[in-house]
Amino acid sequence: LNTPNLWNEPIHGLSQFQFPETETPFKPLPPLPKLRLGKWVERFVAHQIGANIIAENLQIKKEKHKTIGELDFLFLNNLQPVHLEVVYKFYLYDHTRYHDHYLKHWIGPNRADKLMFKLNKLKSKQLPLLHHRDSEVYLKALGYQANDFKQYVSFKGQLFLPLNLLDKPLKEMNRQCISGFHCHLSDLHLFEKFAFYIPFKLEWLIIPHHRVNWKSFEEVFKTIEDQCAQHRSPMIWLKDPAGNLQKAFVTWW
């Protein structure tokens, strides 16, 4: 809930769904499932939607054999059927290469994920799946037609700017999504006096807090160096000598 939408005004023809405020605690039933981070995000969204879900993770199969895609959520919003695709990403601003479009600068920590690629996929594949002829039979079984639905995305994200470009204008992106910075492994010595924590992947969502096992620069450097050698950019939490907390990525690129 504390992660803002990645943009406010429509981008690339994609509009964000605005969830109503909710204060109902999220309490998954034990035993806790072993889910990837993205699937946990979907559980949180399902909690926000509440009892109005028509279908969730609806797999669309061609001639009921080969899966051609999946509809994240179909639900009712004040009696209006809605198709919602859910995304939660971590993007770093790539200042090391020239890009012909501002949005192409936003990439995943390991360079494999790209914001522009995801936007194109949503617009050309994921949202149009609702209107695919193979979806018709599934929607009909639920008592609906494709044209009944309004389509939105819930695209949340955490943004990380280069250490030396923290004031860079974000243009279409929501500046409230800035969650920290990123720096190259060679710049990590700038934080020798700080305490470090390397969060697990499921902890990437979390706002840094003090209740973790903090370690010194010397204790974590080899671990971070080894991950960078494998072309993996780890997230770190930093605690400065005054006790202030920050979130960052250490990049190999």
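- Sorted by first and then second residue, the side-chain hydrogen bond (donor to acceptor under 3.5 Å, both in side chains) pairs with a member in residues 44-53 form an empty list; sequence neighbours excluded.
- Judged as a salt bridge (Lys or Arg N to Asp or Glu O under 4.0 Å), the pairs with a partner in residues 221-237 (not counting sequence neighbours) are, in order, Lys222-Asp226.
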Check your understanding: Which is it for Leu188 and Ile224 under the side chain to side chain contact (heavy atoms under 4.5 Å, CB included) test, yes or no, and what are the steps along the way?
Key -> CA-CA 10 Å; Leu188 200 60; Ile224 295 173; 3.8 Å; yes
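- Within the structure, the side-chain hydrogen bond (donor to acceptor under 3.5 Å, both in side chains) test picks out the following pairs touching residues 24-40 (sequence neighbours left out): Lys39-Glu42.
- Among residue pairs with one or both ends in residues 192-217, none qualify as salt bridge (Lys or Arg N to Asp or Glu O under 4.0 Å); sequence neighbours excluded.
- Note on Leu185 and Ile107: separate hydrophobic clusters, where clusters join Ile, Leu, Val, Met, Phe, Trp and Tyr whose side-chain heavy atoms are under 4.5 Å apart, directly or indirectly.
- Tyr197 is linked by a ring-ring contact (aromatic ring centres under 6.0 Å, His included) to Trp237, counting only residues two or more places apart in sequence or in another chain.
- Ile198 and Met235 get closest at one heavy-atom pair: CG2-O, 3.7 Å.
- Across all non-hydrogen atoms, the minimal contact from Leu84 to Val153 is CD1-C, 3.5 Å.
- Residues His131 and Ala146 come closest through the heavy atom pair ND1-CB, 3.4 Å.
- In terms of hydrophobic clustering, with Ile, Leu, Val, Met, Phe, Trp and Tyr side chains grouped at heavy-atom distances under 4.5 Å, Leu76 and Tyr138 are assigned to a common cluster.
- No path of Ile, Leu, Val, Met, Phe, Trp and Tyr side chains, each step under 4.5 Å between heavy atoms, connects Phe26 with Leu1, placing them in separate hydrophobic clusters.
- A donor-acceptor pair shorter than 3.5 Å can be found between the side chains of Asn120 and His12.
- Applying the ring-ring contact (aromatic ring centres under 6.0 Å, His included) test to His182 and every residue at least two apart in sequence or in another chain returns His95, Trp253.
- Residue Leu129 is not grouped with residue Phe73 when hydrophobic side chains (ILVMFWY) are merged at heavy-atom distances under 4.5 angstrom, including chains of intermediate members.
- Among residues two or more places apart in sequence or in another chain, the ring-ring contact (aromatic ring centres under 6.0 Å, His included) test is passed with Phe191 by Phe181, Phe194.
- Applying the 6.0 Å contact sphere to CG of Leu165 captures more than 12 heavy atoms from other residues, nucleotides or ligands.
- Scored by the ring-ring contact (aromatic ring centres under 6.0 Å, His included) test, His132 finds no partners at all (sequence neighbours excluded).
- Nearest heavy atom pair, residue Leu103 against residue Met173, reads CD2-SD, 3.9 Å.
- No donor-acceptor distance shorter than 3.5 angstrom exists from the side chain of Ser154 to the backbone of Val86, with no hydrogens or angles considered.
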Review point. Are Glu85 and Leu127 close enough, and set up right, to give a side chain to side chain contact (heavy atoms under 4.5 Å, CB included), and what steps lead you there?
Key: CA-CA 7 Å; Glu85 289 295 313; Leu127 290 175; 3.8 Å; yes
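- At least one donor-acceptor pair closer than 3.5 Å links the side chain of Asp240 to the backbone N or O of Gly243.
- Looking only at distances, no side-chain donor or acceptor of Tyr93 sits under 3.5 Å from a matching main-chain atom of Leu170.
- Residue pairs meeting the salt bridge (Lys or Arg N to Asp or Glu O under 4.0 Å) criterion with at least one partner in residues 106-120, sequence neighbours excluded, are Lys89-Asp113, Asp94-Arg111.
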Can I get a per-line list of side-chain donor-acceptor pairs under 3.5 Å for residues 155-163, giving both atom names and the distance, sequence neighbours left out?
residue	atom	partner	partner atom	Å
Lys156	NZ	Thr3	O	2.5
Gln158	OE1	Lys247	NZ	2.9
Gln158	NE2	Tyr88	OH	2.9
Gln158	NE2	Trp204	O	3.3
Gln158	NE2	Leu205	O	3.4

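- Listed by chain and residue number, Lys104 satisfy the salt bridge (Lys or Arg N to Asp or Glu O under 4.0 Å) test with Asp100 (two or more places apart in sequence, or in another chain).
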Practice item. Determine, stepwise, if the pair Gln16 / Asn8 fulfils side chain to side chain contact (heavy atoms under 4.5 Å, CB included). Key: CA-CA 7 Å; Gln16 297 269 18; Asn8 292 318; over 6 Å; no
Practice item. Apply ring-ring contact (aromatic ring centres under 6.0 Å, His included) to Trp214 and Phe196, showing your working. Key: CA-CA 5 Å; Trp214 295 98; Phe196 286 73; 8.7 Å; no
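- Checking side-chain atoms of His189 against main-chain N and O of Ser186 turns up a donor-acceptor pair under 3.5 Å.
- Aromatic ring orientation, Phe221 versus Phe217: tilted (interplanar angle from 30° to 60°).
- Using a 4.5 Å cut-off on side-chain heavy atoms (C-beta onward), Tyr152 and Leu14 make no contact.
- Between the side chain of Trp252 and the backbone N or O of His231 there is at least one donor-acceptor pair closer than 3.5 Å.
- The closest donor-acceptor contact from the side chain of Asn174 to the backbone of Gln176 lies under 3.5 Å.
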Point to revise | Leu130 vs Leu74, side chain to side chain contact (heavy atoms under 4.5 Å, CB included): CA-CA, chis, key distance, verdict | key: CA-CA 10 Å; Leu130 179 75; Leu74 303 177; 4.2 Å; yes
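- Of all heavy-atom pairs spanning Thr251 and Ser233, the tightest one is CA-OG, 3.4 Å.
- Every pair passing salt bridge (Lys or Arg N to Asp or Glu O under 4.0 Å) that includes a residue from residues 50-60 is listed here, sequence neighbours excluded: Arg43-Glu56.
- Closest of all the heavy-atom pairs between Cys177 and Leu6 is SG-CA, 3.8 Å.
- Below 30°, between 30° and 60°, or above 60°: for Phe17 and Phe19 the angle between ring planes is above 60°, a perpendicular geometry.
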